[in-house]
Amino acid sequence: MQTVQSKELQAKTLHAEASTTPVQKRDQRLQWFWVLVMLGLLVVALGLSVAFGARVVSLNDIYNGLSGQLETISEAAVANRIPRTFLAGFAGAALGLSGAAMQGVTRNPLADPGLLGINSGSALAVVIGVAWVGINTETAYIWYAIVGAAITAVCVYAIASLGRGGATPLKLALAGAATAAALSAFATAIILPRNDIAGLVRSWQMGGVGGATFEQIRVVWPFLLFGLATVLLSARRLNMLALGDEAAAGLGENAARTRGIAAIGAIFLCGVTTAVCGPIAFVGLVVPHMARLLIGPDYRWILPFSALCGAVLLIVADVVGRLVVRPSELDVAVVTAFIGAPVFIWIVRRKKVAAL
Amino acid sequence: MNRTVSSSAVSASWVAAKRAERMRRYWLKLCGLLVLLVAGFLITLGYGKTSIPLGTILRVLSGEAVPGASFTILDLRLPRALVSICAGLCFGFGGVAFQTMLRNPLASPDIIGISSGASTAAVFAIIVLSMSGPAVSLIAVVAGLAVALMIYLLSWRNGVAGARLVLVGIGISAMLFSTTTYLLAHAPAWSLQEATRWLTGSVNGAQIEQCLTLLFALLVFGGLILGQSRALDTLRMGDDVAASLGVRLARTRLIIVIAAVGLIAFATAVAGPVAFVAFLAGPIAGRLFGQNTSVLLPSALVGATLVLFGDFAGQFLLPARYPVGIVTGILGAPYLLYLVIRDNKSGGSL
């Protein structure tokens, strides 16, 4: 007769033993390799983001702009790119992490804050706050967005869970699409007669990191940190969840509590991002799949790697957006949609219909 | 022996009587819908900032020139009402054809991305290429067909499974929607009204010429669909049964897809992607007429009613003036969720 505690101990020792076998060692080396590659890509992306943009600047301008001299427009342009790059990086990391957590919680390869309608919920909440309550501080936007995201996530998941099979990918996607359409219509209905808040429309309709300021980043920091910590600490538990609810329960895991904690973290992350940048879709979908391909199914690796990949993806998407239609810009959400939709379709094609 | 013969004779005529009664009920309900539509039409002509009595409306419509009322009706209200009806007919017809062919209410053109294709192309033509009129409609139709083909090909893997089709459609729809939003957000003459028209649908500024385009589409594509109505009916029993009953599957599917996409694309080019009408017309008609009857014509009428009444509600029954797309979006979305829930509870049909 074994107690729950000794079962956990057994699982832990098994895990520890397993991690020292030769096959595991080789896998671990591969994992570290990819992490280093991604870190390198991040540095490259940071450089690209500062150097390239809608305005062509010279190396001298870059150097001057980075060191704080703001005499010419070019140098100012470079200086403006710095907070923008940081915001893109943080937003990308948040979205990547959020998507990975959602996919872990729902055990669903198609989970993504945009596709599940959660971004629309955040956007609607912010619109309601601005139009009916009159909020106007960044922190207030963020809180409203988080509450909106939470309510939407619960509703969509509940709707999709009804009936046979629980929340299958198809039912989640459909419930998400329907909810997104409904909430967008509501948001438009609220904004349409209000000329005074028409400026909000752009940020609600199109996700982008243009016009980022260090002030925004300062406000966003604590929320990101909370979300990050909550999600990363659930990594081991998400591994157990991936084995299935019964197996997880057998290992002494409270599936509902794990789901709840990881989901709260994921919601914080995507709510914050939507509040500051607007709705950006597909990052949370694409990045975890890339992570799984490169680094394996262990959530303790997938989660941090997703954050890293998400940051790289969004920074690169922002750079592409600035270059493709010079001298104007493509908002980041458009670029991620064009990158993400083909990947989404590829994922859908890869899996058998039954597994969907 | 005598008894068996006479009882089978009785049951044959009993079946015939039942069928006749069903047909009677069908035509009765259809006429009821028609009456509702005509009543709505007259109401939208009569009600507004200035109320015009029924007698005057009829006189103006019959060609008499009544000072004041003639302008209001002929120039302001009639085009809007007619375009609403025609666009609604197109949406309803195209939507139900798709849903019947794919045997799935959730596989409607506006959910699987065909409306997005048509509206993105229309927006592109209007904003980037500065076109207008029938040329825009043509581009929208071509784009709609191209997107339909792309979705079909991308979801083809040893045949097309409904689930994959819907998912691929959702992905493509997201991509196109973001393009439309971007084009509208950065358009040279940005106006929220114009943007909303192309994102959710509106019949503001409708013109009689647009009606003619829609009627043409209804005649050509609607005719094609009606021509295939027997095949569509048989398709409802499943591919294998239909094939064994002599339905040429590939040919029927091709004709239906072209016709339905054509209808939706024309209507979208005129009124924008009016949210949910194509999706809801079929299921609503199904509930009114019973699940086992063919609802091609009723769905068209339901679509027309939805757009007409939706526009009327958007103009007069809400605290502010809203385009029809917002009204159908807000009313339609909960119904869509209800259908998804009901579909899920009953085991799902995908």
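What you see is a predicted model, and the numbers here were worked out from it, not measured in a lab.
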Under 4.5 Å from any heavy atom of chain B, what part of [X] do you find: side chain, backbone, both or neither?
X	result
Val335(A)	neither
Leu115(A)	side chain
Ala281(A)	neither
Phe338(A)	both

*Non-hydrogen atoms of chain A under 4.5 Å away: do they reach the side chain of Phe279(B), the backbone, both or neither?*
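It is neither, since no heavy atom gets under 4.5 Å.
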
[atom1]/[X] to [atom2]/[Y] distance, rounded to the nearest 0.5 angstrom?
X	Y	atom1	atom2	value
Ile151(B)	Ile345(A)	CD1	CD1	8.0 Å
Tyr182(B)	Asp331(A)	OH	CG	7.0 Å
Leu154(B)	Trp346(A)	CG	CH2	14.5 Å
Ile330(B)	Ser184(A)	CD1	OG	11.0 Å

Compare every heavy atom of [Y] with every heavy atom of [X], then report the nearest pair and how far apart it is.
X	Y	value
Ser178(B)	Ala337(A)	OG-CB, 3.3 Å
Ala177(A)	Ile170(B)	CB-CD1, 4.2 Å
Arg349(A)	Ser155(B)	NH1-N, 4.2 Å

_Looking at chain B, which one of Ala333(A), Ala189(A), Ala158(A), Ala175(A) has the largest number of heavy-atom pairs inside 4.5 Å, strictly under?_
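When all of Ala333(A), Ala189(A), Ala158(A), Ala175(A) are compared, Ala189(A) has the most.
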
